[in-house]
Amino acid sequence: MEKVVIAGSGPAGFTAALYTARANLDPLVLMGPVPGGQLVVSYEVENYPGFVDPISGAELMDRFRDQAARLGARLQHASVRYARSSENGIVLETDDGEMETETLIIATGAEARRLPISSEPAYYGKGVSGCATCDGAFFRDQDVLVVGGGNTAMEDALFLSRFANKVTIVHRRDYFRAAAVEIDKCRRQEKIDWLVPWVVEEILGDTSGVTGAVLRQRETGETKEVSCQGIFVAIGHDPKTEAFKDLVKMDEEGFIEADPGSTRTSAPGVFACGDVRDPRYKQAVLAAGHGCMAALDVEQYLGQRE
């Protein structure tokens with residue numbers, strides 16, 4: 001019987017690990033096959049507090065991992081396949097077999113939806129991004145595309161207009177899911193152009209990153225090449241919570257519901273932190289904060305049980 005198992009190895013999971021390790025709770029971190037979460041694909045991170053100079057996402061997450069390990073967290077390359085409640089705690093079916101734990105911290109994160117084109121993976125993190133607030137400042141005085149038609153796409157376009165020379169919203173439909181007020185804000189911004197209904201057919205680039213894109217008009221089939229240095233994909237995020245669907249309560253999009261001001265979920269001894277419960281902000285510093293909250297909540301829960 002484990003005392004604390006942490007599923008996930010991004011900023012939330014590793015922060016929960018270092019706090020529970022310092023509390024002598026001997027946490028086990030199930031890191032998955034590739035530790036570090038979404039941040040590892042970020043070429044440079046310049047908005048994480050405490051780092052004067054930009055740092056690569058991979059190096060930042062290496063530091064998170066090493067700090068958690070130094071403080072006593074145990075690390076295992078395994079993922080949770082399925083989780084269920086038991087009489088004594090929570091049973092986890094993992095890649096390495098079954099285990100039982102008194103408490104579980106779910107920090108498996110969320111994944112930005114990607115463009116379904118073969119040229120996209122080569123440029124993800126090299127001009128293609130799923131987070132405008134994370135990477136927008138790197139595109140000062142450059143031309144960028146925002147792909148999407150919801151509120152996130154409009155908010156991203158407005159945010160990017162502070163830095164970019166030109167922002168073009170590319171949307172596959174001739175109508176938007178975004179609120180009218182958000183659309184109006186974008187229409188009033190002279191830096192923002194529109195291509196509707198168009199789709200990204202191919203991403204162009206070289207060793208330096210993205211240099212442009214081939215777009216296709218959905219109704220006429222016309223194609224054209226546009227020059228740009230950045231492509232921001234704003235078509236939503238999918239929380240990685242499938243393994244916990246029978247364990248905790250979730251909203252209709254699969255994000256785990258937690259008590260207000262807490263990380264407690266609907267299942268006793270189960271806590272959720274980071275992007276699995278955050279459909280809005282999706283920032284590393286907030287995920288880390290949630291990880292701290294989860295660790296403190298677990299410590300209190302175990303203390304009350306004892």
Side-chain angles (χ1 to χ4, degrees), residues 1-32 35 37 64-65 67-110 239-251 254-279 286-306:
M1 171 71 77
E2 295 285 349
K3 192 175 285 290
V4 181
V5 170
I6 299 165
S9 57
F14 280 139
T15 302
L18 71 89
Y19 269 83
T20 50
R22 290 184 76 242
N24 291 323
L25 296 178
D26 192 28
L28 172 64
V29 183
L30 301 179
M31 300 189 295
F64 269 75
R65 180 199 62 212
Q67 184 182 16
R70 182 181 66 80
L71 290 167
R74 292 171 293 136
L75 311 178
Q76 184 173 331
H77 286 282
S79 300
V80 178
R81 300 285 188 180
Y82 183 71
R84 58 182 171 84
S85 293
S86 70
E87 189 175 329
N88 298 317
I90 305 102
V91 175
L92 305 175
E93 296 176 15
T94 78
D95 302 327
D96 294 340
E98 194 170 275
M99 67 175 65
E100 195 168 13
T101 178
E102 290 184 57
T103 62
L104 171 66
I105 295 175
I106 303 172
T108 43
K240 294 193 274 189
T241 54
E242 177 66 20
F244 312 103
K245 63 182 181 181
D246 295 330
L247 180 67
V248 295
K249 216 171 157 184
M250 303 178 188
D251 67 17
F255 290 93
I256 296 173
E257 296 181 355
D259 294 346
S262 168
T263 61
R264 291 188 304 270
T265 71
S266 58
V270 182
F271 305 82
C273 57
D275 288 359
V276 291
R277 53 160 297 183
D278 176 15
L286 286 177
H290 276 164
C292 170
M293 289 171 60
L296 297 176
D297 287 343
V298 162
E299 188 177 358
Q300 182 184 43
Y301 174 83
L302 289 171
Q304 290 173 342
R305 285 191 74 179
E306 290 171 3

Filter on salt bridge (charged side-chain N to carboxylate O under 4.0 Å, His left out), then keep only pairs touching residues 296-305, sequence neighbours left out; what's left? E102-R305
Got a sec, which pairs hit ring pair (Phe, Tyr, Trp, His ring centres under 6.0 Å) with one end in residues 260-279, sequence neighbours left out? F271-Y301
Could you tell me if the side chain of L104 sits less than 4.5 Å from the side chain of F244, heavy atoms only? yes
Can you tell if the side chain of L247 reaches within under 4.5 Å of the side chain of S85, non-hydrogen atoms only? yes
Applying side chain to side chain contact (heavy atoms under 4.5 Å, CB included), name anything that partners A17, two or more places apart in sequence or on another chain. I6, V29, A68, A73
Set of residues satisfying salt bridge (charged side-chain N to carboxylate O under 4.0 Å, His left out) with respect to E257, sequence neighbours excluded: none
Those residues at least two apart in sequence (or on a different chain) that pass side chain to side chain contact (heavy atoms under 4.5 Å, CB included) with E100 are M1, S86, N88, V91
Ignoring hydrogens and geometry, is there a side-chain-to-backbone donor-acceptor pair from T103 to K3 under 3.5 Å? yes
Apply salt bridge (Lys or Arg N to Asp or Glu O under 4.0 Å) to residues D26 and R74 and explain how you reach the verdict. CA-CA 7 Å; D26 192 28; R74 292 171 293 136; 3.1 Å; yes
Does the side chain of T15 reach to within under 4.5 Å of the side chain of F64, using non-hydrogen atoms? yes
A side-chain contact here means heavy atoms from C-beta on lying under 4.5 Å apart; do P35 and H77 qualify? yes
For a 4.5 angstrom cut-off between non-hydrogen side-chain atoms, does D246 reach Y82? yes
Which residues pass the side chain to side chain contact (heavy atoms under 4.5 Å, CB included) test with D95, not counting sequence neighbours? A78, S79, R81
Flag side-chain contact, heavy atom, 4.5 Å: R277 against T263: yes
